[in-house]
2 protein chains.
Amino acid sequence: MMIEKEPAEVEQLGLLIKETQSLLNQRMDEVLRPLGLSVAQYACLHTLRSAPGVTGSELARRVFVSRQSMSVLLQGLEKRGLVERSQEPGPRRERAAELTEEAAELTEAADGRVRGVVSTMAGDLVGDEPERLLVLLGSCRDALQGD
Amino acid sequence: MMIEKEPAEVEQLGLLIKETQSLLNQRMDEVLRPLGLSVAQYACLHTLRSAPGVTGSELARRVFVSRQSMSVLLQGLEKRGLVERSQEPGPRRERAAELTEEAAELTEAADGRVRGVVSTMAGDLVGDEPERLLVLLGSCRDALQGD
DNA sequence: CCACGTATGTCAAGATACTGACATGATGAT
DNA sequence: ATCATCATGTCAGTATCTTGACATACGTGG
């Protein structure tokens, strides 16, 4: 006979994820705001650094926002001289986006601060616990999007 | 000499949390929308059911939104007959909020659907893994808000 | 060759959440 | 007793994200 986990605790998992993400977003905003960056802008720059030349739509998918939001995000970053987009559209009307020199410095500074926040968050985890957390959360993510 | 964890993996923890929460919110919206409820409204009703009679401000803190957002949320729920608020303000101008009968049924139905989503999310976790995940994530949350 | 489906980029409108500000009522220090 | 302080509830303005819609461009099947 299978021993069923009482669902009372697992039920709190959704709330806990929301809570943690809310706090994480808040802390990231606090350290990024002095640099003049919103969390969404940081996510955009961070992703662009690891994947230069991607299209706006692909960027939107990776950052989990709509194409439209990414469009205005990129326009703002372009106006601030942090991002350059090819003026001559590519194969499918695509406009590849890349970081500028100034953005590289800024993104590195922002990355440092975000690393600090994440270190704080994982500060009480010891041994293989960080890795365990990554695996378990990854399982949840896959189960949700695999649908 | 301490063996330092390479931070390359832990660094992804922030992104993973954001990703998982985004997908969870999306799935919850999909199951709650047919009931005419937004995720925020569900969170409001769910919290009210476990803590009837709380004030709007306290409710806002528990649901992680501002007092102002909770104010308009409650106005909408009140207009739909799901929530009743005491008209005669209490000790500190407080207006205690409670669920109506109709809301109790609706909230129960919504809870069932949300339980389904959470079960899907935790579907691949076995043994003590759900509990482990709760403990590890709880540690992260405490580290973020303990600051 | 040409219509159809699909993907990108953008504009406009609606919804939602936040910050700032104010009035009201309770608490505490002097 | 009086005034400063704080918490609640609400209104207004701002910012951001989303959905809907349209124009453009590539690919495929008729």
Side-chain angles (χ1 to χ4, degrees), chain A residues 18-19 21-30 32-33 36-44 48 51 53-80 83-98, chain B residues 18-19 21-30 32-33 36-45 47-48 51 53-80 83-98:
Chain A
K18 176 184 176 183
E19 203 172 335
Q21 201 274 339
S22 176
L23 286 168
L24 176 60
N25 219 56
Q26 195 174 323
R27 294 292 169 271
M28 285 181 62
D29 184 87
E30 288 171 4
L32 291 175
R33 184 73 57 184
L37 289 177
S38 69
V39 176
Q41 287 174 327
Y42 164 75
C44 184
L48 264 183
V54 300
T55 68
S57 292
E58 177 60 26
L59 201 52
R61 280 187 288 267
R62 300 198 188 196
V63 180
F64 291 94
V65 296
S66 61
R67 294 200 310 275
Q68 297 87 334
S69 297
M70 182 55 67
S71 183
V72 301
L73 263 177
L74 284 175
Q75 285 174 7
L77 293 173
E78 202 174 1
K79 195 171 297 179
R80 280 180 55 184
V83 167
E84 276 188 353
R85 309 187 71 184
S86 58
Q87 287 302 335
E88 34 193 44
R92 213 186 192 103
R93 200 187 174 165
E94 304 169 351
R95 299 178 59 195
E98 287 186 12
Chain B
K18 176 183 175 183
E19 203 172 334
Q21 200 273 337
S22 176
L23 287 168
L24 176 60
N25 220 56
Q26 194 174 322
R27 293 293 168 270
M28 284 181 62
D29 184 88
E30 288 171 3
L32 291 175
R33 183 76 54 184
L37 289 177
S38 70
V39 177
Q41 287 174 326
Y42 163 77
C44 185
L45 295 178
T47 303
L48 263 183
V54 301
T55 70
S57 292
E58 177 60 26
L59 200 53
R61 280 187 289 268
R62 300 199 187 194
V63 180
F64 290 94
V65 296
S66 60
R67 294 199 311 276
Q68 296 86 334
S69 299
M70 181 54 67
S71 183
V72 301
L73 262 177
L74 284 175
Q75 286 173 7
L77 292 173
E78 202 174 0
K79 195 172 296 178
R80 281 180 53 184
V83 168
E84 275 188 352
R85 309 186 71 184
S86 58
Q87 286 302 335
E88 35 192 44
R92 213 188 192 101
R93 197 186 178 163
E94 304 168 351
R95 298 178 58 196
E98 288 186 11

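We name chains A, B, ... by the order of the sequence lines, and we start the count at 1 in each one.
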- Task: Choose from C:dT8, D:dC11, D:dG9 the nucleotide whose nearest atom is closest to any side-chain atom of B:Q75.
- Result: D:dC11

- What integer distance in Å separates B:E30:CD from D:dT18:C1'? 15 Å

- To the nearest Å, how far apart are A:L77 CG and D:dT16 P? 12 Å

- Message: List the residues meeting ring-ring contact (aromatic ring centres under 6.0 Å, His included) with A:F64, not counting sequence neighbours, and say none if there are none.
- Response: none

- Message: Does a side-chain N or O of A:R85 approach OP1 or OP2 of C:dT8 to a distance below 4.0 Å, or not?
- Response: no

- Could you check how far CD of B:E78 sits from C1' of D:dG9, rounded to whole Å? 12 Å

- Task: Starting at atom CG of B:N25, determine the distance to atom P of C:dA17, rounded to an integer number of angstrom.
- Result: 10 Å

- Query: How long is the line joining CZ of A:R95 and P of D:dT24, in whole Å?
  - Reply: 15 Å

- With A:R61, which residues qualify under side-chain hydrogen bond (donor to acceptor under 3.5 Å, both in side chains), at least two apart? A:E58

- Applying side-chain hydrogen bond (donor to acceptor under 3.5 Å, both in side chains), name anything that partners A:R33, two or more places apart in sequence or on another chain. A:D29

- Atom NZ in A:K18, atom CD in B:Q21: separation rounded to 0.5 Å? 8.0 Å

- Which residues pass the side chain to side chain contact (heavy atoms under 4.5 Å, CB included) test with A:Q26, sequence neighbours left out? A:L23, A:E30

Sequence neighbours left out, cut at 3.5 Å: what donor-acceptor pairs do the side chains of residues 70-80 of chain A make with other protein atoms?
from	atom 1	to	atom 2	distance (Å)
A:R80	NH1	A:G36	O	2.7

- Message: Using the side-chain hydrogen bond (donor to acceptor under 3.5 Å, both in side chains) criterion, which residues pair with B:S69? Sequence neighbours excluded.
- Response: B:S66

- Item | Atom pair distance, as rounded to whole Å: CG in B:L37 and C1' in C:dA15 | 16 Å

- Mind calculating the distance between CD (A:E94) and P (C:dT10) to the nearest angstrom? 12 Å

- Item | Test side chain to side chain contact (heavy atoms under 4.5 Å, CB included) applied to A:A51 - qualifying residues, sequence neighbours left out | A:V54, A:R62

- Message: Ignoring hydrogens, what is the shortest heavy-atom contact between A:C44 and A:L59? Give both atom names and the distance.
- Response: SG-CD2, 3.7 Å

- Item | Of residues 67-74 of chain B, the positions that come close to DNA chain C - non-hydrogen atoms, cut-off under 4.0 Å | B:R67, B:Q68, B:S69

- Message: Any residue in residues 54-63 of chain A with a heavy atom nearer than 4.0 angstrom to DNA chain D? Just list them by number, or reply none.
- Response: none

